[in-house]
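Scroll down for the structure; my scribbles are underneath it.
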Amino acid sequence: MSDGFPALRPNDYRDTWSGQVLPDRVDSEVRVAGWVHRRRDHGGLVFVDLRDRTGLVQLVFHPDEAGDAFELGHRLRSEDVIAVAGPVVRRSPETVNPELPTGEVEVRVTEARLLSDAETPPFEIESFSGEVSEEMRLRYRYLDLRRDRMREGLELRHRVASAMREFLSGEGFIEIETPILTRSTPEGARDFLVPSRLQPGSFYALPQSPQLFKQLLMVGGFERYFQIARCFRDEDLRADRQPDFTQLDIEMSFVDTEDVIDLNERLLAFVLGSCGVQVSLPMRRIGYDEAFDSYGTDKPDLRFGLELHLLTEVFRGSEFNAFRQAIEGGAVVRGLNAGRREMSRADLDGLVSEATELGAKGLVWAVVEADGWRSPVAKFLSAGEMAAAREELGAGEGDVLLIVADQPLVSGAVLGELRRRLGERLGLIDPDANELTWIVDWPLLGWDAEGDRWDPLNHPFTSPAGEFDPDDPGSARAKAYDVVWNGWEIGGGSIRISDAEVQRRVFGAIGIDEREAEERFGFLLDALRYGAPPHGGIAYGLDRMVALLHGTESIRDVIAFPKTASGGDPLTGAPAPVEERQLRELGISVRSGVGKG
Ligand code: ASP
């Protein structure tokens, strides 16, 4: 770890990093500084493990050699900050610690200074193993950050960001900042608003992404832009969401899908490769429809099989009412072969409950036997249906089959989620495997039944593939692509609309009329009329990428100061009420009762 650390320029506190007190320093004097990681008294000697960012080194306070410092050594407590000096000596063979790079030596302290006295920390830094509540960890984040695992996460994050900058700079991209106080950029979430004092009653929106600015930079002739950009989305938080999060944002001109994909495959190979994950190129590509039909999701985990299969045709006209009527009502029947498994009746019924909790009307299970199926519905199915389903699912004797008949999105999503859970539960996932894939050939729009309108699957600036027919918006495909890694969407982008007229038509199809388009996006429509090159790009979720590289589920583990699941920051207390005077200046009044209690 301390390898690659630049040598220190000596000052009054220290001349050597703790992690660099190695055997080659034996017989020389060093000055080191850091935190008391651990202290023990032993046979009249005081031993201290001193910690700085580069690692640990053992200090020995000897009553005869340490002089006045011995008394200090005696009083030291965990997390005190000290600076010491003394000769480096070789440890006797039986006291060598093979776990530590510095484990063959120790510093015999001759001088010591207490730089800062530490109160007893609310949780132990050293032996912390996850039993401390997250609230506590975030409230005392500066202590939590002292732990190896946290430090390593942020160091890794820095490595990833540096590799991104290095690769993109080498390809002629330049990093350009875009505003934080701006207007709404529709990425499908709620905006965070910031009231304007100078224009009371008006608000800035924090950017959900730099989308419109990066397009304007292309119109501005920059051709190759990137930014490690903070984005803000006021969403209900889930485990993997933060109200402010970081994207690697990229845009390029005079390109089509293949160019963007090529650049990004090389980028991913470089960045992940520099963190020890080999990406084989070209990456796999799966069409959106195929992803949904085979995995029930647009972010499939490809580290294991258990693919979904369509069984609608097998059961169309079945004697089994539940299937036949569902199909007549537009349902799609999907099945999955879970393989030869020992599953009890309770396990199988448990899967039925899971399916209904996930929103399906039911789930049919079957175990393939020599002469038919063992299944609660076997008596309703013909031998021909069972044989055809068995063939479609490639099933052999003893295999467990799961079947869901429901509206197309529901049967896909439910069985897809069961597939994911079974993959985990049955131990089918090799934790060292890495499967990266592109999801391509997206529909441009999706029908939002609740809002009774078409919505962009990506964002409204995504270019249709081919002519866009406003009379048949549902069949339009998009020049869009996502990158999925082990079941996580880590990035996504598209070729953009670079023609004002097409942009207007797409706005129209999603219910943004001329007047609204002019009011909200007039500046973009204007720009598109002043010579807009064809352009496209992508954005990656940096937090998620680093979390995956770090082997942690939670992006909070790779963000220095994250917020809790309810959007609060236990360290600073944000969000917090403000002074009445501040509200008055902003022309804002908070309805009484709001926010109290
Ligand atoms: N702005 C998009 C997003 O945040 C990414 C892109 O289209 O480049 O998802």
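As a basis for the values below, the full set of heavy atoms in this structure was taken, side chains included, without hydrogen atoms, waters or symmetry mates. Just so you know, ligand 1 is whichever comes first in the structure, and atom 1 is the first atom listed for that ligand. By convention here, the first residue in the shown sequence is residue 1. These figures come from a predicted structure and were not determined experimentally.
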Pairwise distance CD(Glu235) to CZ(Arg190) - rounded to 0.5 angstrom:
9.0 Å
Looking only at non-hydrogen atoms, find the nearest pair between Thr462 and Ala478 and report the distance.
CG2-CB, 3.8 Å
Side chain to side chain donor-acceptor pair (under 3.5 Å) filter on Asn434, not counting sequence neighbours, yields Trp485, Asn486
Could you list the residues that satisfy side chain to side chain donor-acceptor pair (under 3.5 Å) with Arg453, not counting sequence neighbours?
Asp455
Pairs under 3.5 angstrom, nitrogen or oxygen on both sides, ligand 1 versus protein: list them out, please.
from, atom 1, to, atom 2, distance (Å)
ligand 1, 1 (N), Glu187, OE2, 2.6
ligand 1, 1 (N), Ser209, OG, 3.2
ligand 1, 1 (N), Gln211, OE1, 2.7
ligand 1, 4 (O), Glu187, OE2, 3.4
ligand 1, 4 (O), Arg233, NH2, 3.0
ligand 1, 4 (O), Gln247, NE2, 2.9
ligand 1, 7 (O), Gln211, OE1, 3.3
ligand 1, 7 (O), His459, NE2, 2.9
ligand 1, 7 (O), Arg496, NH1, 2.8
ligand 1, 7 (O), Arg496, NH2, 3.4
ligand 1, 8 (O), Lys214, NZ, 2.7
ligand 1, 8 (O), Arg496, NH2, 2.7

If you take the centroid of each ring, where Trp contributes its six-membered ring, are Phe270 and Phe167 closer together than 6.0 Å?
yes
For residues 282-292, the side chain to side chain donor-acceptor pair (under 3.5 Å) pairs (sequence neighbours left out) are Glu258-Arg285, Asp289-Arg477
